[in-house]
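Residue numbering restarts at 1 for every chain, and letters A, B, ... go by the order of the sequence lines.
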Amino acid sequence: MKVATWNVNSLRVRLAQLEEWLGRLEPDVLCLQETKVRDADFPVQAFADRGYEVVFHGQPSYNGVAIAARGPLTDVTQGLGGFPDEQCRALAATFRGLRVASLYVPNGTALDSPRYPYKLAWLEALTEQSRRWLADNPALVLAGDFNIAPEDRDVYDPVAWEGSVLVSAAERAAFQALIAAGFTDGLGVLAGEGRGYSWWDYRAAAFRRDLGLRIDHILLSAPLAARFVQGFVDREARAHARPSDHAPVIIEINWPPA
DNA sequence: ATGTCGCCGAGCCGGCGA
């Protein structure tokens, strides 16, 4: 089974690219972030035409998450339990026995911004919710834009970025606390090849110069980590005309068990 | 390094968030 995640930075703008991408990569499940579309305006038909069911949790202008799959999605839940949030950043569903969560972790803006403690609180709520999800179904995938580069080697210039949002010690500790709840960072276990950046700023020709960060992740619970086959960042999508600033991450796992 | 996008409300630009 192929599981993918992509922060599309506006589904409406990226829809044609996404349709083309579905045909090229053929994921079985795809988590989307920053759809920026109201539920009433969600382009359900475009997914149906490609053979995908889709569930979504959106709002105007900002945020918005969705999950598309080649088959029925059940037990759909929005948000993180016990963490009231006006922002649409979390959505979970079950597909072929696999529990999948599409996550758009708050950016945080800067360490002195009020959005920074919100980000840390959100991550703590995610870890708590992940424990509950695992208790219900040990086959769990957390996929999305985590807005955290876990290690210095996930940053093009760690010295320049030291201490800033996306790499700060508190964010990395929160990420490790989530991992410690029972996950493996799908591409994070890879070295060199395969462990590419997933986001490049639109400014300063960052993609052309490969000034990127690895902030989009697919976390696998233990039973799934044992079934990991391969994975990569699809840089081709970032090289497309009028791209999202994020590239998709896709992994293959041996699922369902034979 | 403040250079790019996408969103919105109200235009044909400016503020906001990433």
Find the distance [X]:[atom1] to [N]:[atom2] and express it as a whole number of Å.
{"X": "Glu34(A)", "N": "dC7(B)", "atom1": "CD", "atom2": "P", "answer": "10 Å"}
{"X": "Gln17(A)", "N": "dC5(B)", "atom1": "CD", "atom2": "C1'", "answer": "13 Å"}
{"X": "Asn9(A)", "N": "dC5(B)", "atom1": "CG", "atom2": "P", "answer": "11 Å"}
{"X": "Asp245(A)", "N": "dG17(B)", "atom1": "CG", "atom2": "P", "answer": "17 Å"}
{"X": "Asn63(A)", "N": "dG6(B)", "atom1": "CG", "atom2": "P", "answer": "17 Å"}
{"X": "His240(A)", "N": "dT4(B)", "atom1": "NE2", "atom2": "P", "answer": "21 Å"}
{"X": "His246(A)", "N": "dG6(B)", "atom1": "NE2", "atom2": "C1'", "answer": "13 Å"}
{"X": "Asn7(A)", "N": "dA18(B)", "atom1": "CG", "atom2": "P", "answer": "11 Å"}

Looking only at atom [atom1], what distance separates [N] and [M], rounded to whole Å?
{"N": "dA10(B)", "M": "dC16(B)", "atom1": "P", "answer": "15 Å"}
{"N": "dC8(B)", "M": "dT2(B)", "atom1": "P", "answer": "28 Å"}
{"N": "dC12(B)", "M": "dA18(B)", "atom1": "P", "answer": "25 Å"}

Within less than 4.0 Å of OP1 or OP2 of dT4(B), is there a side-chain N or O belonging to Arg242(A)?
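No, no such contact exists.
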Does Ser61(A) place a side-chain N or O at less than 4.0 Å from the phosphate oxygens OP1/OP2 of dG17(B)?
no
Does Ser244(A) reach a base, just sugar-phosphate, or nothing at all? Heavy atoms under 4.0 Å.
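Counting heavy atoms under 4.0 Å across all strands, no contact is made by Ser244(A).
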So if I take residues 201-213 of chain A and measure heavy-atom distances to DNA chain B, which residues fall below 4.0 Å?
Tyr202(A), Arg203(A), Arg209(A)
Going by salt bridge (Lys or Arg N to Asp or Glu O under 4.0 Å), name the residues that satisfy it together with Glu236(A), two or more places apart in sequence or in a different chain.
Arg24(A)
Residue list, salt bridge (Lys or Arg N to Asp or Glu O under 4.0 Å) with Arg238(A), at least two apart or on another chain:
none
Suppose clustering is done on Ile, Leu, Val, Met, Phe, Trp and Tyr with side-chain heavy atoms closer than 4.5 Å. Which residues sit in the same group as Tyr62(A)?
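Answer for Tyr62(A): none, a lone residue.
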Under 4.5 Å between side-chain heavy atoms, chaining through other members, with only Ile, Leu, Val, Met, Phe, Trp and Tyr counted: pull out the rest of the cluster around Leu30(A), sorted by chain and number.
Trp6(A), Val8(A), Leu11(A), Leu15(A), Leu18(A), Trp21(A), Leu22(A), Leu25(A), Leu32(A), Val37(A), Phe42(A), Val44(A), Phe47(A), Tyr52(A), Val54(A), Phe56(A), Phe232(A), Ile250(A)
Qualifying residue for ring pair (Phe, Tyr, Trp, His ring centres under 6.0 Å) with Phe207(A), from Tyr197(A), Trp200(A), Trp199(A)
Trp200(A)
Give me each pair satisfying ring-ring contact (aromatic ring centres under 6.0 Å, His included) with a member in residues 135-154 of chain A, each pair once, sequence neighbours excluded.
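For residues 135-154 of chain A, and leaving out neighbouring residues, the ring-ring contact (aromatic ring centres under 6.0 Å, His included) pairs sorted by first residue read Phe146(A)-Phe175(A), Phe146(A)-His217(A).
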Assess, by modelled atom type and distance only, whether the side chains of Asp216(A) and Ser198(A) contain a donor and an acceptor separated by less than 3.5 Å.
yes
Which residue lies toward the 5' end of DNA chain B, Thr109(A) or Lys36(A), if each is placed at its nearest nucleotide?
Lys36(A)
